[in-house]
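As structure tokens, the structure follows; a few thoughts come after it.
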Amino acid sequence: MSRIESEPIHANGVTSGDAPPTLRARCDALGITWLEKPPEIAEDAVALLDADVAVRLRAVPFGFDGRRLSIAMADPTDLASVDELAAMTGRAIRRVGAEQAAFADMMRLAYGTTAARMAQSLADESGLAAPEVEHNLDAIDAEDVHRMAEQPTLINLVNLLLLEAIQSRASDVHIEPFESDLRVKYRIDGVLVSQPQPPKHLQAALIGRVKIMANMNIAERYVPQDGHITLRFEGRKVDIRVSTVPTLYGESVVMRLLDKSSLPLDLVSLGMSETHRGLIDRMIAKPHGLVLVTGPTGSGKTTSLYAALSKLYDPRKKIITIEDPVEYELEGINQIPVNPKRGLTFATGLRAILRQDPDVIFVGEIRDAETVDIAIRSALTGHLIFSTLHTNDAISSVGRMVDMGAEPFLVASVIEGLMAQRLGRRVCRKCAVRKPMPEETAVRLTERERTQFGGEVTVGEGCEECGRSGFRGRMGFFEVIRISSALRTAIAENRPVIELRRILGPDFVTMRADGIQKAALGLTTVEEVLRATQDVDDATD
């Protein structure tokens, strides 16, 4: 087991709200001071406690009271931590309690760039460096990499990289090796954000540490590998999917952070309009049939289907999923991970599921003719099937299924609904302002679209809450098609996609139109809508 699993990263109180009354009452009874807001923080006090210890013990030194060191603690009644802090700092401790929000602010102010500081402090540690072979990774022996990766300071650096990524709401962490540098990036709200670069000579040790944590083969550097890390953060479980691929200057690492607590499991949180929610409700209320969600990788298809399954969940129904991989664990739903190495593919898994007496089945993706054939036959025999496809828009999924070998009349008989989606960033509510629409934005819209804005758009100016980006969080742009009798007849007759689109009629709302409506309401920006939907719609006046 990796160190980060056996020694979990503890909470640093980033959630807001009042402290538990019992803790506050105990502190009052013991005469322990309680902070309502962050005090001034003295740098010489912070310097007495290393960042990794502060995070582990949930303690922030902020000043001096005579010879005593004043330390704010998430739990001032934790005497074991107080003793350890006294031993670490060599000073008597004056413990102070703090509201969770105040404690979170103090932790950020004192140790907000912990990973960058630690990487810099490691730069001069010769015990971790191999300067004579830093550009010749073949020459570094696997045993040397293992030795460097087990250094406590290197372990703490990787732990803090992950901690900061989770605190920053990152969905992915990228470690990219180049000839003269090693780059670290976090994907926040769908956009990669560069972080301070660790020293190049730490590359082998840092990547080696990640591979050890993910139970990968540290000696193998020339084939792609996949692994998995589980850690605890603020009392909740965070799963990390790890992927490595060999590049010209070493292995590129991508870690996908899967935090169930941040998963919006209702369609309102995903940004779906009331009209679209009504259509979805009618689709999932069907006793049998096939519902497809389409879009490229990373467009939120699985999250939307998770939200639909959660809405559909009833203890009286048997719901089974087969996924590659299982991204989030859903309460009360049987989830099966695909394992091709052992012969468990979508097709074989779906066959087995049908013998489990299911009411609802979620197939992570329809990839081949065998899977589409079994899915259609399952829908024909009284099961409600949810799945995803990779197509640009909703109606194109019909043609995609036919291309994979499905008979048009069978597709027409089982299909109940189609949905396509993209993701765009939300404007930060704290720094949102209304401004006149720029000319370069206006020329990209049709006349009908421009009239929705009244000459003004909403943008985020940038603040601490959103990391100066002007955006915080993401929302979906959707198009939803509920199969009508006319559309079902056209699908059975294998009509081309262009004819199927005409049947949808003027009331059909495209992804672009849905996004423009949300931009006009100030929820996102025109640029985000156009960026996300430009491969789908070419609007004309």
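Applying the salt bridge (Lys or Arg N to Asp or Glu O under 4.0 Å) criterion to K211, with sequence neighbours excluded, gives E251. Taking E323 as the reference, nothing meets the salt bridge (Lys or Arg N to Asp or Glu O under 4.0 Å) condition, with sequence neighbours excluded. With sequence neighbours excluded, the residues satisfying side-chain contact (heavy atoms from CB on, under 4.5 Å) with F64 are D44, A45, L48, L69, R91. Listed by chain and residue number, nothing satisfies the side-chain hydrogen bond (donor to acceptor under 3.5 Å, both in side chains) test with R187 (two or more places apart in sequence, or in another chain). Every side-chain hydrogen bond (donor to acceptor under 3.5 Å, both in side chains) that S81 has, sequence neighbours left out, goes to D78. Applying the side-chain contact (heavy atoms from CB on, under 4.5 Å) rule to S387 yields the partners L292, V363, I366; only residues at least two apart in sequence or on another chain are considered. Scanning for side-chain contact (heavy atoms from CB on, under 4.5 Å) contacts around N217 gives A219, E220, Q225, with sequence neighbours left out. Taking R426 as the reference, nothing meets the salt bridge (Lys or Arg N to Asp or Glu O under 4.0 Å) condition, with sequence neighbours excluded. Scanning for side-chain contact (heavy atoms from CB on, under 4.5 Å) contacts around V193 gives I188, Q195, with sequence neighbours left out. Looking at residues two or more places apart in sequence or on another chain, you find no side-chain hydrogen bond (donor to acceptor under 3.5 Å, both in side chains) involving D281. Under the rule for a salt bridge (Lys or Arg N to Asp or Glu O under 4.0 Å), R277 has no partner lying at least two apart in sequence or in another chain.
T441 has its side chain within reach of E527: a pair of non-hydrogen atoms, C-beta onward, lies under 4.5 Å apart. Counting heavy atoms from C-beta outward, Q421 and V293 have side chains that approach closer than 4.5 Å. Using a 4.5 Å heavy-atom threshold, the side chains of L192 and Y186 count as separate. Contact of the R95 side chain with the S70 side chain is not registered, since no non-hydrogen atoms from C-beta on lie closer than 4.5 Å. By the 4.5 Å heavy-atom criterion applied to side chains, M213 and L162 are counted as neighbours. The side-chain heavy atoms of L258 and R241, taken from C-beta on, include a pair separated by under 4.5 Å. A 4.5 Å side-chain heavy-atom check between T89 and P61 finds every atom pair outside the cut-off.
Between D239 and T230, the side chains place a donor N or O and an acceptor N or O closer than 3.5 Å (distance only, hydrogens not considered). In the model, Q517 has no side-chain atom that pairs as donor or acceptor with a side-chain atom of S273 under 3.5 Å. Of the N and O atoms on the side chains of R422 and S299, not one donor lies less than 3.5 Å from an acceptor on the other residue.
With a 6.0 Å cutoff to the six-membered ring centre and a 45° limit on the axis angle, R183 counts as a cation-pi contact of F178.
Taking each heavy atom of Q197 and L182 in turn, the nearest pair found is CB-O, 3.4 Å. The shortest non-hydrogen separation linking Y306 to E327 is OH-N, 3.6 Å. Taking each heavy atom of A59 and I71 in turn, the nearest pair found is CB-CG2, 3.6 Å.
A donor-acceptor contact shorter than 3.5 Å is absent between the side chain of D189 and the backbone of R425.
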Sequence neighbours left out, cut at 3.5 Å: what donor-acceptor pairs do the side chains of residues 452-466 make with other protein atoms?
{"unit_1": "T458", "atom_1": "OG1", "unit_2": "R434", "atom_2": "NH1", "d": "2.8"}

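At most 12 non-hydrogen atoms from other residues, nucleotides or ligands lie less than 6.0 angstrom from CD of E331.
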